Amino acid sequence: MKLPKSFYNWTSVLGASIATIAFFLIVFFFVISVIFDQGSSYMGLIIYIVLPVIMVIGMILIPIGMIMQIRKRSKLEFITGTQRWPRVDLNDQKHRNAFSLFVIISFIFLFLSSIGSYEAFVYSESVAFCGTLCHEVMEPEYVTYQQSAHARVACVECHVGEGADWFVRSKLSGLYQVYAVISDNFPRPVPTPIANLRPAQETCEHCHWPEKFYPKRFKKQRNFLADSLNTEWNIQLLMKTGPDHHTQQLSEGIHWHINPNIKIEFMTTDEKNEFIQWVKYTNLKTGEEHIYKDQMMEPDSAFYADAKLHTMDCMDCHNRPSHVYLSPPDFIDIALADGSINNKIPFIKMAAMEALKSPYSTKDSANLIIEQTVLDFYKEKYPKLSSTFKEDISQAIEGIKMAYHNNNFPAMKVRWDVYPDHKSHMESQGCFRCHDNMHATEEGRIISKDCNLCHTITSQGKVDSLQFAISGKSLEFKHPVDIGTDWKDYNCTECHAYLYP
């Protein structure tokens with residue numbers, strides 16, 4: 001089949017060559033990724049986005065070259081006085097062949113483009129695309145996501161949700177993010193909360209709607225003290241997530257805060273919502289209202305000028321639903337509990353805390369210093385233990401490193417204190433942002449700090465001497481290390497937020 005004369009120019013030939021090579025590379029890489037199960041997020045980027053773009057550019061060059069060739073010939077015809085409009089005659093074999101070729105190639109191109117566009121869409125919505133393509137930026141989120149309760153929920157289901165409008169918004173904002181990564185012009189760590197995030201009612205509540213009954217549940221924590229025996233200290237809590245019976249709906253319990261009949265609003269000038277100075281309660285059924293002001297940091301005119309009014313929703317407590325960064329005591333306790341670190345090695349909790357008390361600038365320096373610190377700890381203080389537990393200590397060091405790297409990301413300057421978890425109240429204010437006995441109305445009503453509002457302690461203590469509560473009652477909290485009654489007078493964060501700077 002002979003091609004039109006206008007095709008024979010360097011621009012069109014180059015475009016055809018580029019398009020052909022790109023097409024065969026797409027087919028080749030696709031076969032490799034499917035048949036041999038070989039590929040990565042970068043392979044998907046090349047197959048469904050990069051090579052198709054190159055192929056389209058090549059195909060665009062073909063008609064550009066032909067138009068340039070026709071114009072060049074027309075210019076010559078104009079000078080000689082023989083200019084004519086292009087003539088299409090399907091009775092002419094050459095014209096018919098050219099037209100047939102154009103139709104066939106266009107059909108194949110459109111068919112493959114539709115498949116490629118769909119695959120590009122699916123790929124751009126995948127977890128691998130979100131979590132591994134921009135490896136340095138997204139590594140903290142991707143690693144913690146894989147350890148979370150939402151590990152089987154795709155990133156886009158929460159960050160984008162359903163509907164074309166939010167899909168378009170996410171892709172447009174993604175363009176700047178691509179530019180920021182390419183130009184290395186992005187903040188470390190990535191600031192939170194994310195501006196213009198889709199409301200929880202449109203994403204989270206597809207699975208966790210307010211009317212859904214969440215009964216009370218037991219939560220057991222295994223903690224280890226930093227003593228010679230790594231003494232295990234357990235505490236079991238009955239979390240008052242909801243009421244005693246589903247017929248009471250959201251009339252009590254922690255999830256009372258999202259009762260459809262109740263509206264909680266607050267004002268703060270702090271971007272992370274860690275310090276709340278003004279709270280308003282409204283009963284939508286009766287119209288009853290109460291305004292609580294922080295008596296320690298009482299709002300003034302400057303506060304009201306800068307603060308923004310916010311209606312409380314799920315994300316104000318569950319602000320880290322899939323990306324939780326644990327503190328050193330917490331992730332070492334988990335490693336001791338699951339056997340990653342042998343809890344029979346004397347003083348191993350103390351050695352781990354010694355190695356983790358300072359931040360590290362890189363992963364490699366963290367690995368070197370953690371190992372050296374633990375080895376020196378035993379060699380200098382307990383040389384006999386160093387030789388007796390040599391193998392166990394080596395394995396424990398690897399466990400400490402693994403636990404560290406699952407929660408700390410030096411390249412992005414991310415660790416436990418960068419992203420406070422408002423659902424807790426140990427290393428961050430959490431519940432105590434409002435429930436501190438200091439938020440009061442003019443009539444003297446306070447937002448109580450009583451721990452039993454949210455949970456009751458059903459058992460606590462060392463494994464061999466556990467205390468158990470009488471059914472329906474709560475034990476008074478006993479601090480694992482004797483600090484008298486200080487735990488009653490101060491918030492947990494006043495010590496725990498600064499134990500490991």
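Every value quoted in this text rests on a predicted model; they were computed, and no experiment measured them. Quick note: numbers below take in every heavy atom, side chains included, and nothing from hydrogens, waters or symmetry partners.
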* Gap separating the CD atom of Glu427 from the SG atom of Cys492, nearest 0.5 angstrom -> 9.0 Å
* Looking only at atom types and distance, does a side-chain atom of Thr493 sit under 3.5 Å from a main-chain N or O of Gln429, one as donor and one as acceptor? -> no
* Structure fact -> Closest non-hydrogen atoms of Ile457 and Ser474, given as atom of the first, atom of the second and distance, are N-OG, 3.0 Å
* To do: Kindly determine whether Phe347 and Phe377 satisfy side chain to side chain contact (heavy atoms under 4.5 Å, CB included), including the steps that lead there.
  => CA-CA 10 Å; Phe347 295 107; Phe377 175 88; 3.9 Å; yes
* Heavy-atom neighbours of Asp482 CG exceed 12 at 6.0 Å -> no
* Asked: With side chains defined as the heavy atoms from C-beta onward, is the minimum distance between Pro420 and Glu274 less than 4.5 Å?
  -> yes
* Chi angles and distances behind the side chain to side chain contact (heavy atoms under 4.5 Å, CB included) call for Thr144, Arg320 -> CA-CA 10 Å; Thr144 50; Arg320 309 300 306 171; over 6 Å; no
* Structure fact -> Value for NE2 (His208) from OG1 (Thr203), rounded to nearest 0.5 Å, stands at 9.5 Å
* If every non-hydrogen atom of Val324 is compared with every non-hydrogen atom of Asn407, which pair is closest and at what distance? -> O-OD1, 4.1 Å
* So does Lys240 pair up with Glu252, basic N to acidic O under 4.0 Å? -> no
* Judged by atom type as modelled, is there a donor-acceptor pair below 3.5 Å linking the side chain of Tyr145 to the main-chain atoms of Ala151? -> yes
* **Test item: Phe331 and Trp416 side chains (from C-beta on) under 4.5 Å apart, heavy atoms** => no
* Kindly indicate whether a cation-pi arrangement holds for Arg188 with Phe186, taking the cut-offs as under 6.0 Å to the six-membered ring centre and within 45° of the axis. => yes
* Asked: Is there a donor-acceptor contact under 3.5 Å from the side chain of Gln277 to the main chain of Met297?
  -> yes
* Asked: Should we say atom CD1 of Ile470 is surrounded by more than 12 heavy atoms from elsewhere, each under 6.0 Å from it?
  -> no
* Sub-4.5 Å side-chain heavy-atom contact between Glu265 and Thr311 -> yes
* **Check: Glu232/Asn234 side-chain N/O donor and acceptor closer than 3.5 Å** => yes
* Nearest atoms (heavy-atom pairs only) where Lys449 meets Asn437 -> N-OD1, 2.8 Å
* **Atom pair CZ/CG of Phe23 and Leu51 - distance to nearest 0.5 Å** => 12.0 Å
* To do: Please answer whether the main-chain N or O of Ala396 pairs with a side-chain N or O of Asn342 as donor and acceptor at a distance below 3.5 Å.
  => no
* To do: Decide whether Thr269 and Asp306 meet the rule of one side-chain donor and one side-chain acceptor closer than 3.5 Å.
  => no
* Indicate the ring-plane relationship of Tyr419 and Tyr325, choosing parallel, tilted or perpendicular according to the 30° and 60° boundaries. => tilted
* To do: Please say whether more than 12 non-hydrogen atoms of neighbouring residues, nucleotides or ligands are located less than 6.0 Å from NZ in Lys423.
  => no
* Greater than 12 external heavy atoms within 6.0 Å of Gln146's CD -> yes
* Within-4.5 Å side-chain heavy-atom neighbours: Val127 and Tyr142 -> yes
* Asked: Ignoring hydrogens and geometry, is there a side-chain-to-backbone donor-acceptor pair from Glu141 to Ser322 under 3.5 Å?
  -> no
* **From CG (Asp421) to NE2 (His318), nearest 0.5 Å** => 9.5 Å
* Asked: Is any side-chain heavy atom of Val374 less than 4.5 Å from a side-chain heavy atom of Ile393?
  -> yes
* **Criterion salt bridge (Lys or Arg N to Asp or Glu O under 4.0 Å) on Glu139 and Lys363, from CA distance to verdict** => CA-CA 13 Å; Glu139 183 189 13; Lys363 285 186 175 183; 2.5 Å; yes
* Asked: Can you tell me if Asn319 and Lys272 form a side-chain donor-acceptor pair at under 3.5 Å?
  -> no
* Grab the two heavy atoms, one from Met353 and one from Ile332, that are nearest each other, plus how far apart they are. => CE-CG1, 3.4 Å
* So with a 6.0 Å cut-off around CZ of Phe28, is the heavy-atom count from everything else above 12? -> no
* Could you give me the CA-CA distance, side-chain angles and deciding distance for Tyr378 and Ile345, then say whether side chain to side chain contact (heavy atoms under 4.5 Å, CB included) is met? => CA-CA 11 Å; Tyr378 282 101; Ile345 307 171; 3.5 Å; yes
* Pairing residues for Asn185 by the side chain to side chain contact (heavy atoms under 4.5 Å, CB included) criterion, not counting sequence neighbours -> Tyr176, Tyr179, Ser183
* For Gln460 and Lys478, indicate whether the former's side chain and the latter's backbone hold a donor-acceptor pair under 3.5 Å. => yes
* Do Gln295 side-chain atoms and Lys293 backbone N/O form a donor-acceptor pair below 3.5 Å? -> yes
* To do: Carefully, step by step, assess Asp294 and His439 under the rule side chain to side chain contact (heavy atoms under 4.5 Å, CB included).
  => CA-CA 4 Å; Asp294 189 345; His439 284 71; 3.8 Å; yes
* NZ-CD1 distance between Lys219 and Ile235, expressed to the nearest 0.5 angstrom -> 9.5 Å
* Residue pair Phe266 / Asp316, side-chain heavy-atom distance below 4.5 Å -> yes
* **Within 6.0 angstrom of Glu162 CD, more than 12 heavy atoms from elsewhere** => no
* Side-chain H-bond candidate by donor/acceptor type, Asp270 with Thr268, under 3.5 Å -> no
* Asked: Does the side chain of Trp278 reach to within under 4.5 Å of the side chain of Phe303, using non-hydrogen atoms?
  -> yes
* To do: Indicate yes or no for a side-chain donor-acceptor contact from His455 to the backbone of Leu238 under 3.5 Å, with no hydrogens or angles considered.
  => no
* Measure across Val143 and Asn406 and return the closest heavy-atom pair with its distance rounded to 0.1 Å. => CG1-OD1, 3.8 Å
* Pro480 versus Asn223: any side-chain heavy-atom pair under 4.5 Å? -> no
* Asked: Considering residues, nucleotides and ligands other than Lys413, do more than 12 of their heavy atoms fall under 6.0 Å from its NZ?
  -> no
* Structure fact -> Distance col, row Ile264:CD1 vs Cys434:SG, nearest 0.5 angstrom, shows 9.0 Å
* Within the distance-only criterion (no hydrogens, no angle test), does the side chain of Arg433 pair as donor or acceptor with the backbone N or O of Asn273 below 3.5 angstrom? -> yes
* Closest heavy-atom contact between Pro187 and Met412? -> O-CE, 3.7 Å
* Asked: Is it true that a side-chain atom of Asn491 and a backbone atom of Glu494 form a donor plus acceptor pair closer than 3.5 Å?
  -> no
